[in-house]
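Please read the structure below before turning to the comments.
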Amino acid sequence: MDCERYNARETEPKWRALWDESGTFRTLNEESRPKYYVLEMFPYPSGRIHMGHVRNYTMGDVIARFKRARGFNVLHPMGWDAFGMPAENAAMQNKSHPAAWTYANIASMKAQLKSMGLSLDWSREIATCDPSYYKHQQRMFLDFLAAGLVDRKQSKVNWDPVDHTVLANEQVIDGRGWRSGALVEQRELTQWFFKISDFAEDLLRALDDLPRWPEKVRLMQANWIGRSEGLLVRFEIAPAPSIEAGEVEVYTTRPDTLFGAKFIALAPDHPIAAERAKADPALAAFIAECQHLGTSEAAVETAEKRGYDTGLRVRHPFDPDWLLPVYAANFVLMDYGTGAIFGCPAHDQRDLDFSNVYGLGNAPVVCPQGVDPASFTITDAAYDGEGVLINSRFLDGLTIESAKEEVARRLETTPLGNRPQGKRQVNFRLRDWGISRQRYWGCPIPIIHCEACGPVPAPELPVELPKDVTFDEPGNPLDRHPTWKHVACPCCGAPARRETDTMDTFVDSSWYFARFTDPWNEAAPTSAGLVERWLPVDQYIGGIEHAILHLLYARFFTRAMQATGHVGALKEPFAGLFTQGMVVHETYRTKDGAWLNPSEVEIKQTPEGRKAFRLGHSRLGHDRLGHGPEMVEEDVDIGPIEKMSKSKRNTVDPDEIIETYGADTARWFVLSDSPPERDVIWTEEGVQGSAKFVQRLWRLVGELADLAAPNDEVWPEDLSEPALKIRKAAHAALIKVEEDIERLRFNRAVAQVHDLANKLSAAIGAIESAEIGADIRRAFREAAEFLVLCFAPMMPHLAEECWARLGNAGLVAEAAWPTADRALVVEDAITLPVQVNGKKRGDLVIARDAKNEAIEAAALALDGIQRALEGRAVKKIIIVPQRIVNVVV
RNA sequence: GCGGGCGUGGCGGAACUGGUAGACGCGCCGGACUCAAAAUCCGGUUCUGGUGACAGAGUGUCGGUUCGAUUCCGACCGCCCGCACCA
């Protein structure tokens with residue numbers, strides 16, 4: 001018997017060194033085995049990994065190790081999403097250079113990731129802030145430009161009038177700049193755009209080709225792209241004193257409700273509103289006020305509905321005498337449709353809210369079935385369901401669909417000016433992707449602006465970021481750099497200036513998966529042959545928060561790379577997608593409202609339930625006598641379970657956990673219990689449970705190793721009942737773990753390992769006193785190996801140690817997954833639950849292949865069934881083969 | 001505000017495609033071992049009533065479809081994610 005404790009702290013580094021030495025996880029591009037590309041979303045190098053990373057990378061690692069065991073040539077790389085705002089914020093705060101800060105963070109996070117024992121091919125490591133990466137990105141920008149996939153146009157930014165700087169949406173808090181506190185303004189800048197909207201139709205349609213994506217992500221993307229079929233309608237402005245003739249064009253998906261129109265609303269930044277504002281200071285003031293909301297759609301749409309009457313009146317398309325007021329309104333977006341709508345308060349909630357504020361009334365024009373049109377009124381809930389047209393002259397009695405058709409048909413043939421008043425149009429919500437950022441720490445846009453020649457591609461790549469920059473004042477350091485931007489025009493030689501905007505960091509993460517296939521290629525972003533061999537990524541794993549933007553941009557980028565010859569015929573980058581949940585933790589607060597870290601809190605079970613107490617100092621601090629930290633008798637409020645965050649201090653440091661319990665315990669815990677797509681609640685009890693199970697497995701494998709036959713012994717002819725039972729348990733577990741990992745149901749795989757361990761413990765207990773035959777020894781050997789192989793992808797260090805304990809040569813990381821014998825787990829007799837009227841009243845044990853008549857008779861003969869029937873006549877008996885029997889009375 | 005998701009014992013969760021609700025783990029209770037404790041091992045554990053066999057209730061709430069609903073449909077409540085310059 002081997003009773004010593006498993007010492008993860010000593011054992012884990014030993015195996016990691018051995019994997020390194022033997023190059024176990026180096027992936028060769030030239031290989032005959034089938035490929036499998038597993039990728040986790042690469043991290044932003046913030047400095048320390050968090051539990052979310054541990055969960056994400058453990059899941060990917062389980063798949064990588066499992067697929068390797070199943071005979072695949074696995075690509076499992078890692079890199080750094082290294083550009084971004086935090087580096088610049090740190091530069092401002094600590095006077096550190098963004099590059100130095102970023103690379104130091106990468107070094108410490110890499111050490112942390114290494115301590116997790118991930119089977120990564122580190123030789124392919126990339127950092128997006130490295131010129132050797134971003135020069136290829138600049139190449140592709142120029143290729144996209146040449147291919148007509150890039151645009152330059154005006155768009156709005158949040159402007160801080162005090163700091164004279166552009167703010168990100170997250171830097172705008174309640175309409176004010178986060179540092180200056182000044183009310184933000186909207187400013188128009190000329191910026192670079194990728195023409196993602198050219199691909200809208202294809203990005204939408206191709207969602208159908210992604211069966212291994214979660215349905216919810218495809219739905220969210222489809223809604224984001226937002227294809228709609230509607231009608232452009234031009235309304236004639238009624239001339240009046242000081243009002244010139246003109247028109248307002250609106251886009252509507254509900255032309256059927258045209259007779260319910262009560263007003264027209266323009267976006268505050270609509271040209272007509274701007275024009276009217278010149279003569280109307282109050283309107284100008286209203287528009288300026290709207291612009292203080294910032295550019296975020298959420299802020300605009302949650303603001304209280306407000307508007308301002310421009311004084312304009314337009315004619316109803318079907319009745320020249322019917323005039324509608326034209327408002328400028330804060331809930332209309334210039335970016336969507338034409339930036340103007342007609343408001344039908346009865347059938348659109350926003351329009352109704354607006355109408356109720358300004359007393360514009362409403363007129364229902366669609367009446368739900370079974371409701372009397374005469375009494376159908378709307379007060380504060382708009383009706384957007386099905387129905388029949390009412391109060392709509394020639395549309396009365398039509399369905400919504402045919403009314404839409406009729407309005408479109410009429411307006412298409414009604415001239416206004418010299419063209420039809422209405423025009424059918426397919427519209428997309430998706431806007432072009434603005435990539436210009438007025439910041440330093442990003443990939444420079446490789447363009448030179450010349451007075452005479454316009455924007456010209458930079459002749460030499462990479463256009464590197466200058467290193468000598470300062471962050472002691474707000475604004476873009478590139479723009480105020482004394483020399484960097486001044487260059488000669490590559491075309492005419494005249495003095496010109498570099499583009500000082502850098503690219504959105506989403507560009508960096510839109511092609512890194514392709515770069516991993518050959519990160520050594522200095523001449524081009526990708527290598528023909530290799531990129532087609534490895535892509536698409538077979539399994540991509542990351543947070544649900546990236547469901548729309550990152551994934552949509554990557555899908556667009558892949559199409560653009562295809563158009564410019566960088567990825568062969570590939571269209572979709574990720575064949576399989578999995579979105580994992582967050583790691584959350586309880587929050588703790590003292591009576592005076594200060595947040596406490598879990599390490600500062602002791603949880604006790606009391607008769608009244610769980611209670612929290614504040615600790616004197618860190619849990620890990622012990623004095624010389626070995627006494628734990630002193631407990632301060634101060635009640636702490638246990639708050640809601642929330643996403644781990646610095647502000648709530650409810651974080652748990654992976655380093656501390658790995659240092660205390662070992663990487664395997666941490667890995668096991670994040671895979672246990674919670675389904676991977678759902679949030680996992682980090683608890684101290686849970687970690688201790690995982691740590692105990694590590695010890696238990698080590699003891700169990702030790703016991704099995706002592707009882708098991710040598711690893712080269714052949715199977716005896718006949719197996720006794722106990723030996724057969726052990727075999728059945730082992731094979732059943734193997735089958736289930738296999739299925740569970742294949743379907744990414746790691747929590748169930750964990751349960752199967754527990755189950756097998758329980759069964760093997762029981763088997764040892766049952767035969768210990770009796771004579772142990774050769775067949776049982778052989779069965780124990782097989783079961784022990786299966787057990788180790790089953791948890792090896794999840795707890796790789798422990799598995800190596802156990803594998804060696806069982807006397808096996810070689811690494812379990814390189815061992816093949818065994819083939820389960822499915823015939824072994826099929827039972828001859830099955831247990832069928834028997835219900836009466838859908839309520840279970842008994843169990844029927846019967847031959848697997850019993851005929852229905854036999855099942856019926858046996859079911860009715862059961863005591864419990866007879867009792868439940870109470871002599872009532874049986875109406876029918878439903879038999880679901882191999883599942884259930886239901887007796888209906 | 002709009003779009004998407006989730007909700008099951010004391011707790012995390014399981015339940016394949018509409019077919020035994022509660023696998024597995026944590027916690028708790030009882031027992032073994034121990035001078036004692038920790039660790040470990042064995043047994044029990046949805047709730048209510050009953051010594052018990054058993055009966056009734058039960059998957060956020062309300063309603064519907066079905067022989068049968070955690071699963072499908074409708075409404076509501078609560079929480080979470082995204083909203084285009086956070087990554």
Side-chain angles (χ1 to χ4, degrees), chain A residues 3 5 41 43-44 46 81 83-86 157-158 166-172 214-217 219-220 222-224 226 295-303 305 331 335 349-350 353 429-439 504-506 509 543-550 552-553 579 581-582 584 605 609-610 640-643 672-675 677-681 683 685-686 688-690 692-693 695-696 699 739 745 747-748 750-755 758 761 765 831-840 842-843 864 867 875-878 880 883-889:
Chain A
C3 284
R5 282 178 66 79
M41 291 180 184
Y44 178 78
S46 58
D81 189 12
F83 275 136
M85 287 203 308
V157 294
N158 299 308
V166 176
L167 299 174
N169 281 338
E170 72 158 9
Q171 297 173 323
V172 178
E215 184 63 38
K216 62 178 171 185
V217 175
L219 234 184
M220 279 191 262
N223 288 338
W224 184 264
T295 58
S296 117
E297 192 168 308
V300 170
E301 292 198 0
T302 46
K305 305 265 176 306
F331 67 96
D335 289 321
Q349 192 60 47
R350 286 174 303 180
D353 294 343
R429 208 183 77 94
L430 181 67
R431 309 196 296 256
D432 278 338
W433 175 14
I435 59 155
S436 293
R437 298 290 181 270
Q438 295 70 41
R439 279 188 257 286
D504 179 7
T505 56
F506 272 124
S509 54
I544 185 71
E545 66 272 22
H546 295 293
I548 296 175
L549 291 180
H550 162 59
L552 194 60
Y553 289 150
T579 54
M582 295 180 302
V584 295
Q605 288 285 343
R610 291 173 74 246
I641 294 166
E642 294 190 54
K643 178 179 182 169
S672 302
D673 291 354
S674 286
E677 69 278 8
R678 232 188 278 178
D679 291 351
V680 63
I681 304 175
T683 62
E685 297 93 325
Q688 276 163 10
S690 296
K692 278 192 212 168
F693 189 62
Q695 296 299 335
R696 181 166 170 227
R699 280 194 308 275
E739 283 172 2
R745 307 195 330 173
N747 57 321
R748 302 212 329 169
V750 163
Q752 292 309 328
V753 172
H754 271 286
D755 209 34
N758 289 346
S761 293
T831 304
L832 283 180
V834 183
Q835 300 177 327
V836 176
N837 284 346
K839 253 189 185 316
K840 190 193 163 192
D843 281 308
R867 212 179 316 121
K875 274 200 202 132
K876 63 173 167 176
I877 299 179
I878 294 161
V880 183
R883 280 229 180 271
I884 204 165
V885 180
N886 191 10
V887 182
V888 184
V889 295

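Residue numbering restarts at 1 for every chain, and letters A, B, ... go by the order of the sequence lines. Both backbone and side-chain heavy atoms feed into the values below; hydrogens, waters and symmetry mates do not. None of these values were measured; they are calculated from a predicted model.
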In B/S/- notation, 5' to 3', how is nucleotides 76-87 of chain B contacted by protein heavy atoms closer than 4.0 Å?
----SSSBBBSB
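- Under the side-chain contact (heavy atoms from CB on, under 4.5 Å) criterion, A/Pro214 pairs with A/Lys216, A/Val217, A/Leu577, A/Thr579, not counting sequence neighbours.
- Between the side chains of A/Thr295 and A/Asn169, at least one donor N or O sits under 3.5 Å from an acceptor N or O.
- Out of B/G13, B/G4, B/C67, the shortest distance to the side chain of A/Pro675 is found at B/G13.
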Are there any protein N/O atoms within less than 3.5 Å of an N/O atom in nucleotides 54-57 of chain B, and if so, which ones and at what distance?
unit_1	atom_1	unit_2	atom_2	d
B/G56	OP2	A/Arg841	NH1	3.2

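- A/Lys840 comes within 4.0 angstrom of a base, heavy atoms only.
- B/C24 and B/G9 are spaced 14 Å apart, taking the C1' atom of each and rounding to whole Å.
- The 5' end of RNA chain B is approached more closely, in terms of each residue's nearest nucleotide, by A/Ser672 than by the other of A/Val887 and A/Ser672.
- Nearest-nucleotide positions on RNA chain B place A/Glu215 closer to the 5' end than the other of A/Glu215 and A/Gly689.
- No N or O donor and acceptor, one from the side chain of A/Asp673 and one from the base of B/G13, sit under 3.5 Å apart.
- On the P atoms, B/U61 is 14 Å away from B/C11, given to the nearest whole Å.
- With rounding to whole Å, A/Gln695 atom CD is found 18 Å from B/A38 atom P.
- The partner of B/C6 is B/G78, judged by Watson-Crick or G-U wobble contacts that both fall below 3.5 Å.
- Among the protein residues, A/Lys875 comes within range of no part of the nucleic acid, since none of its heavy atoms lies under 4.0 Å from any strand.
- In this structure, B/G4 shows a glycosidic angle more than 90 degrees from zero, which is the anti conformation.
- When each of B/C26, B/A15, B/G19 is scored by its nearest atom to the side-chain atoms of A/Val880, the top-ranked nucleotide is B/G19.
- A/Leu219 comes within 4.0 angstrom of sugar-phosphate atoms only, judged by non-hydrogen atoms across all strands, and of no base.
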